[in-house]
Student: 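Submitted below is the structure of interest, expressed as structure tokens.
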Amino acid sequence: MSIVQMQKVTISALREDRKAILEKLQAMGVMEVHPIETDEDFTVMDTTAARQSFDRNVSLIENALDILEQYAPEKKSMFSSLNGKEAISGADVAKIAKKRDLAVDIAARIVRNEKNIAERKAKIARYRSDMEALEPYKNLGLPLWFQGTDTTRMFVGTMPQGTSMEELYTLIQQHADTDETIDVEAEKLSEDVNAVYLAVLCRKEDAQKVEEALRSGGFAYPSVRTSRTPQGKIDQRIEKIGKEQEEIDKLTKSIEGDADHRELLRQASDYFRMRSAKYAVLGNLQQTDSVFFLNGYVPKEAVPAVEKTIGENYRCVIDVSDLAPDEAGPTLLRNNRVSETVEGVLKSYGLPTRGHVDPTTIMSVFYIIFFGMMLSDAGYGLVMAAGCAIVLLKFKNMDAGMKKTLRMFFWCGLSTMFWGFMYGGFFGDAIDVVAKTFFGYTGDPILKPLWFAPLEEPMRLLLWCMLFGVIHLFTGLGIKGYEYLKKGDVLGWVCDILSWYLFLGGLIFMLIPSDIFASIAGRTFSFPPAVSLIAKIAAIAGAATIVLMSGRGRKNIGLRIALGAYDLYGISSWLSDVLSYSRLLALGLATGVIASVINMMASMAGGGVVGAILFILVFVLGHTLNIGINALGAYVHTNRLQFVEFFGKFYEAGGSEFSPFKTDNKYVEVKEEL
Amino acid sequence: MSMGMFFALLGAALSTALAGWGSAWGTGMGGQAAAGVIAEDPDQFAKVLILQLLPGTQGIYGLLVTFITLTRIGILGGTPVTDTKTGLLYFAACLPIAIVGLISAYHQGRTSVASIGIVAKKPDQFGKAMLLPAMVETYAILALLISILAVVNI
């Protein structure tokens with residue numbers, strides 16, 4: 001209904017109570033702390049180092065938890081994310097605080113073990129690639145880098161792929177002096193797509209020539225250096241890999257063993273988060289040797305609690321003042337149980353600022369109605385509402401934002417059910433299709449619409465949709481008018497709000513008896529002449545006010561009229577805004593027609609057992625898909641109608657959310673007894 | 001089978017074919033961008049999935065018009081079309097959703113890709129990111145409306 005009124009609270013207390021007061025405030029979670037301007041009589045404590053150490057611990061523990069998840073995954077159900085946080089008491093926090101060093105040690109051990117495993121895995125990869133490189137030389141019974149005997153020299157290595165032994169011999173002889181031949185013995189060890197692996201033996205005195213010959217042919221030495229035979233080296237590598245693997249298994253077991261500490265790690269992670277938040281506030285405090293000042297915003301209704309809890313237990317002065325007129329302050333919304341569910345939607349557009357209207361309550365009414373009109377199937381609404389209700393009842397500790405969203409969809413589901421019965425849709429025409437296919441029913445439709453079927457009279461529904469649109473838009477304009485009156489700007493209200501009501505209202509009443517409207521609506525309306533006259537006068541008066549007065553800030557009369565005329569042109573945007581509500585009809589039709597298509601396909605196999613099985617299969621699959629896609633459409637386009645058409649008429653976002661100093665935990669929630 | 005029947009069926013077929021083509025195009029582009037975001041941050045799956053699905057509705061609108069047409073031209077009910085003139089009328093009635101469905105789904109897909117970029121950088125701005133592709137869809141909805149009104153009133 002409204003934006004909660006904030007007050008500025010300054011607490012001045014003794015430094016010795018600092019820790020206790022901060023902890024109480026953090027537990028209460030009602031104060032958004034703001035630093036005061038620095039004054040040279042005061043000092044500010046530098047807490048960055050302490051905070052960094054807490055944050056480091058948080059990330060170390062989170063890192064360890066991620067590793068645990070990888071090595072010893074926790075069994076989770078699909079809906080576990082809905083479970084919310086575990087509640088613990090203040091006494092538990094003290095227990096966790098005692099074990100914090102242990103938790104950090106465990107986390108460090110897990111991270112260290114994981115790093116060790118990674119290093120060993122890298123080693124194994126290196127050994128494997130060595131083995132691969134040695135594989136082609138396996139037939140060589142000599143050490144890989146065997147240089148030869150006293151009188152011979154041996155070369156082991158590769159030549160380009162496709163080199164034949166004849167080519168090799170020819171190549172070597174080309175490097176011989178003119179009247180001699182070089183004695184060489186070459187053996188091909190193996191060959192693959194990359195190279196020919198060979199060993200070449202020659203006399204020691206010919207070594208240089210042979211080497212030159214080989215190099216010119218593209219010879220290369222093996223990439224692995226070893227004094228062992230290739231097979232020996234491969235065996236050694238296998239042995240080493242085995243050893244590393246053993247170590248990895250041991251380390252993995254150790255990490256898996258630490259999985260029992262998961263709970264402790266989570267709690268410790270939150271403990272450090274809490275400390276970090278506290279130190280962030282501590283770093284903002286102005287203090288002298290004996291006192292400190294704490295300044296911030298508190299919702300007005302929470303001020304007495306702060307005064308009681310802090311004021312009565314500690315020696316301090318609490319100074320409460322209202323916000324200055326031009327001070328923005330943080331925004332906190334307060335609405336009734338149903339309307340608060342759409343606060344998330346409003347938040348995604350932007351929060352209102354202080355002194356403006358909180359549109360949540362009014363928006364929630366339209367939101368739920370429009371959503372229902374777009375999805376408009378009683379069966380789908382039932383599925384949605386029941387689904388949300390079951391999840392809400394089953395997971396009590398759910399995150400607050402998630403809870404609100406689900407409750408919003410619960411209400412939207414109920415509205416969908418309502419509109420479904422109005423339009424006569426229950427999983428499309430499922431009831432009639434089942435009756436016809438399986439029970440041979442041939443009479444009139446069983447489920448009759450309470451209002452009318454949109455597909456039979458689309459024009460009629462189109463007009464209704466536009467009427468809803470006009471109501472929605474006029475409400476938006478009305479809120480703007482309310483804000484004018486609240487400020488006491490009556491002239492502005494007459495010129496910018498009333499003029500439009502008159503102008504648009506007059507135009508609508510002039511349009512209704514016209515021929516165009518009659519052909520659309522399929523029937524004629526006629527008003528008594530007096531009504532038509534009033535409509536004409538209202539429209540003219542409204543238009544005249546807009547032209548003459550909407551540029552009233554300008555002195556130049558020509559410019560003023562020009563601006564007014566331009567504003568009158570805004571009528572085109574009203575027209576497009578109203579037309580935009582035709583999506584209520586289009587999306588409503590889409591759901592119903594697609595649902596009937598699914599039913600028709602499902603009933604194609606006819607009656608009987610096989611027909612029934614096929615029917616159920618197609619029915620479940622098809623309608624699941626249809627709910628999904630149409631609920632998405634309804635959600636997106638309801639948002640659009642609120643954001644673009646409705647908010648466009650009056651709303652200005654720009655408020656910053658009230659973010660109190662509290663325990664912002666990931667895993668556990670501390671329930672403090674205040 | 002008359003020429004009229006052929007034209008009516010051609011219109012019905014085109015509204016599913018062209019609008020479906022556009023949706024496949026749009027969701028395809030969106031899906032590629034979404035996959036990139038999920039690779040970096042799997043938590044954004046639900047949000048980028050919604051953005052990817054937005055250009056998928058044109059295909060459904062096309063299907064809708066096809067179905068309504070089929071129930072009126074004697075294929076799934078209604079009276080068979082016998083003269084060429086009526087067939088051409090059905091054909092013309094199907095054109096808005098066929099053409100606008102194709103083009104708007106393509107452009108909505110491009111906008112979705114850009115919006116997925118917003119979610120990748122600022123996941124908390126999802127509400128605004130979702131609004132941008134929804135603006136493009138307006139024209140598909142208007143085309144759908146005109147096609148339905150025209151088919152129903154022939």
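Owing to the predicted nature of the structure, the values given are computational and were not obtained by experimental measurement. Lettering follows sequence order; numbering is per chain, from 1. Just so you know, these numbers use all the heavy atoms, side chains as well, and skip hydrogens, waters and symmetry mates.
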Student: Give me a line-by-line list of donor-acceptor atom pairs from chain B to chain A that are under 3.5 Å apart, or tell me none exist.
Tutor:
unit_1, atom_1, unit_2, atom_2, d
B/E137, OE2, A/H637, NE2, 3.1
B/T138, OG1, A/R583, NH2, 3.1
B/T138, OG1, A/R640, NH1, 2.6

Student: Checking side-chain contact (heavy atoms from CB on, under 4.5 Å) between B/I154 and each of B/V81, B/I73, B/L89, which is the one that passes?
Tutor: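 Testing each of B/V81, B/I73, B/L89 against B/I154, the sole residue satisfying side-chain contact (heavy atoms from CB on, under 4.5 Å) is B/L89.
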Student: Step by step, work out the ring-ring contact (aromatic ring centres under 6.0 Å, His included) result for B/Y90 and B/F7.
Tutor: CA-CA 7 Å; B/Y90 276 112; B/F7 279 120; over 10 Å; no
Student: Side chain to side chain contact (heavy atoms under 4.5 Å, CB included) between B/L144 and B/I148: does it pass, once the steps are laid out?
Tutor: CA-CA 6 Å; B/L144 168 68; B/I148 290 180; 3.7 Å; yes
Student: Do you know which of B/L54, B/L64, B/I141, B/L142 has the most heavy-atom pairs with chain A at a distance under 4.5 angstrom?
Tutor: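 Winner by heavy-atom pair count: B/L64.
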Student: Can you tell me which of A/V345, A/V597, A/L579 forms the most heavy-atom pairs within a distance under 4.5 Å of chain B?
Tutor: A/V597
Student: Measuring heavy-atom distances to chain A, does B/I50 have an atom under 4.5 Å in its side chain, in its backbone, in both, or in neither?
Tutor: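 Interface part for B/I50: both.
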Student: Assess whether side chain to side chain contact (heavy atoms under 4.5 Å, CB included) is satisfied between A/L461 and A/F452, documenting all intermediate values.
Tutor: CA-CA 9 Å; A/L461 188 57; A/F452 65 91; 3.8 Å; yes
Student: With sequence neighbours left out, what residues match A/F517 under ring-ring contact (aromatic ring centres under 6.0 Å, His included)?
Tutor: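 A/F525.
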Student: With only heavy atoms counted, which part of A/V644 is less than 4.5 Å from chain B, the side chain, the backbone, both or neither?
Tutor: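 The side chain, not the backbone.
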Student: Which value, rounded to the nearest 0.5 Å, describes the distance between B/L145 atom CG and A/L585 atom CG?
Tutor: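 Here the rounded value is 5.5 Å.
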Student: Output the distance between atom CZ (A/F468) and atom CZ (A/F366), rounded to the nearest 0.5 Å.
Tutor: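 Answer for the CZ-CZ pair, A/F468 versus A/F366, is 9.5 Å.
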Student: With a 4.5 angstrom heavy-atom cut-off, which part of B/L131 approaches chain A: side chain, backbone, both or neither?
Tutor: side chain
Student: How many angstroms lie between CG in B/L51 and CE in B/M130, if you round to the nearest 0.5 Å?
Tutor: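 So the CG of B/L51 and the CE of B/M130 are separated by 8.0 Å.
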Student: What is the distance from atom CE of B/M5 to atom CG of B/L10, rounded to the nearest 0.5 Å?
Tutor: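 That separation rounds to 12.5 Å.
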Student: Report which part of A/L589 has an atom under 4.5 Å of a heavy atom belonging to chain B: side chain, backbone, both, or neither.
Tutor: both
